[in-house]
Each structure stands twice: as C-alpha cells, then as structure tokens.
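To keep things clear, I will list the structure first and then write my remarks on it.
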Amino acid sequence: MDVLIPAGGAAALWAGLNLLVLLVLSVLVTRQRRRHRVAVGDDGVPELVRALRAFGNASEYIPAGLAALAILALAGAHPAIVHVVGAILFFGRVAHGVGLSLSAGTSLGRSVGMILTWIAWLMAAVCLLFYGMG
C-alpha cells in the first residue's frame with residue numbers, strides 16, 4: 001500500500017502553499033500602501049518598492065512552477081517527484097520573498113530563493129520531458 005498522497009493531491013498541497021506565499025506578499029504590499037498612504041505606484045518609498053517587487057517576483061515565478069506541478073500530476077508522475085519539486089519551489093519562493101522584503105540589495109535569501117526556484121524549474125522540466133517522451 002502506497003502511503004504517499006497521489007500526485008494530484010501532492011500538486012494541490014504545493015499549489016495551496018504557494019498561493020499562501022502570494023497572499024502574504026500581497027498583504028505586505030497593502031500594509032505598506034496604507035502605512036505610507038500610496039494608492040498607486042510606489043511613490044519612491046523604499047519599503048513599498050521592496051514589497052511590490054517581492055510580490056511581483058513571486059507572481060512571475062510561481063505560476064510556471066504550479067503549471068509544471070499540475071502537468072506532472074496529470075502525466076502520472078510519482079507523487080514523490082511532485083512533492084520534491086513542489087517543496088523546492090515553495091522554500092525557494094519563501095526564501096526569496098523574505099530576502100527581498102528585508103533588503104533591496106543582494107542577500108542570502110534572494111540568492112538561495114532564486115537558485116531553489118531554478119532547481120525546481122529544471123527538475124520539473126527534465127521530469128516533464130521524461131514523461132512526455134515515455
């Protein structure tokens with residue numbers, strides 16, 4: 001008996017967690033907008049600029065990762081593959097979001113976050129090619 005969650009459930013887990021990352025980053029943008037009374041744009045407020053970029057960056061990278069997870073599940077990938085890719089994507093996005101929220105310059109969080117995100121994308125791409133040719 002397989003004790004792992006089926007691939008669709010695994011994809012749903014990581015999709016839900018990544019959506020929570022987007023929600024938290026969105027709330028941080030709203031907090032900065034209210035704090036600095038900026039309705040549109042960033043008004044040159046460094047904290048708001050960082051919050052906007054953290055949310056924007058996550059919005060740019062998470063959808064492709066979630067699409068890959070969904071397609072892996074639909075292609076019949078083993079749930080462990082979906083979990084590994086999903087976990088790497090999730091922790092990469094959290095690390096990047098924290099790193100960028102705290103500093104506009106280079107930071108360990110941003111660097112680790114991007115590297116993990118790229119690793120997740122690369123792993124997903126290789127697995128998708130494998131299942132696509134199989």
Side-chain angles (χ1 to χ4, degrees):
M1 176 182 212
D2 195 359
V3 295
L4 294 174
I5 300 170
L13 170 70
W14 296 111
L17 288 171
N18 276 282
L19 286 173
L20 289 175
V21 169
L22 286 168
L23 177 62
V24 167
L25 293 173
S26 176
V27 168
L28 293 176
V29 169
T30 301
R31 264 180 56 199
Q32 290 300 326
R33 286 193 180 286
R34 293 186 74 197
R35 177 177 291 146
H36 298 286
R37 295 186 176 110
V38 178
V40 177
D42 60 40
D43 217 19
V45 178
E47 297 87 2
L48 180 54
V49 171
R50 285 195 311 273
L52 284 166
R53 277 314 310 142
F55 176 74
N57 189 277
S59 298
E60 293 159 2
Y61 282 91
I62 287 175
L66 296 185
L69 291 175
I71 297 168
L72 279 170
L74 290 171
H78 193 279
I81 292 170
V82 178
H83 277 300
V84 169
V85 172
I88 293 171
L89 177 69
F90 173 73
F91 288 111
R93 293 292 80 210
V94 169
H96 188 274
V98 169
L100 186 52
S101 293
L102 298 176
S103 171
T106 57
S107 69
L108 181 62
R110 288 179 72 186
S111 298
V112 168
M114 283 312 307
I115 290 168
L116 289 175
T117 300
W118 291 336
I119 289 170
W121 277 15
L122 180 60
M123 289 177 67
V126 168
C127 291
L128 286 167
L129 290 170
F130 173 79
Y131 284 101
M133 292 182 194

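Since the model is a prediction, treat every value here as computed from it, not as a measurement.
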- R93 vs H96 side-chain heavy atoms within contact, under 4.5 Å: yes
* Can you find a heavy atom in the side chain of R33 that is under 4.5 Å from one in the side chain of V29? -> yes
The reported gap from CG in L122 to CD1 in I88 (rounded to nearest 0.5 angstrom) is 10.0 Å
In short, A68 meets L128 closest at the heavy-atom pair CB-CD1, 4.0 Å
Taking the side chain as everything from C-beta on, heavy atoms only, tell me whether V21 gets closer than 4.5 Å to L17.
no
Mind telling me whether H83 and W14 have parallel, tilted or perpendicular rings, with 30° and 60° as the class edges? perpendicular
Between L100 and R50 the two heavy atoms that sit nearest each other are O-CD, 3.3 Å
Less than 4.5 Å apart, side chain to side chain, heavy atoms only: is that true for L89 and T117? yes
Distance col, row L13:CG vs L69:CG, nearest 0.5 angstrom, shows 10.0 Å
Assigning hydrophobic clusters by single linkage (Ile, Leu, Val, Met, Phe, Trp, Tyr; side-chain heavy-atom cutoff under 4.5 Å), is V84 placed with L74?
no
For P63 and A58, the nearest pair of non-hydrogen atoms, with its separation, is CD-O, 3.8 Å
For W121 and A64 the tightest heavy-atom approach is CZ2-CB, 3.7 Å
In this structure, SG of C127 is separated from CG of L72 (nearest 0.5 Å) by 6.0 Å
CG of D42 to CG of L52, rounded to nearest 0.5 Å, is 6.5 Å
Hey, quick one: are L25 and L19 part of the same hydrophobic cluster, counting side-chain heavy atoms closer than 4.5 Å, chains of contacts allowed? yes
Smallest heavy-atom separation, A73 atom then V82 atom, equals N-CG2, 4.4 Å
Shortest non-hydrogen pair, A54 vs G97, comes out as CB-O, 4.2 Å
dist S101:OG -> R53:CZ (nearest 0.5 Å) comes out at 11.5 Å
Would you say F55 and L20 are hydrophobically clustered, going by side-chain heavy atoms of ILVMFWY under 4.5 Å?
yes
Interatomic distance, OG1@T30 vs CG@L48, rounded to 0.5 Å, equals 9.5 Å
Do F130 and M123 sit in the same hydrophobic cluster, where Ile, Leu, Val, Met, Phe, Trp and Tyr count as joined when their side-chain heavy atoms come under 4.5 Å apart? yes
- Query: Is it the case that one hydrophobic cluster holds both V49 and V45, taking links as side-chain heavy atoms less than 4.5 Å apart, direct or via other members?
  - Reply: no
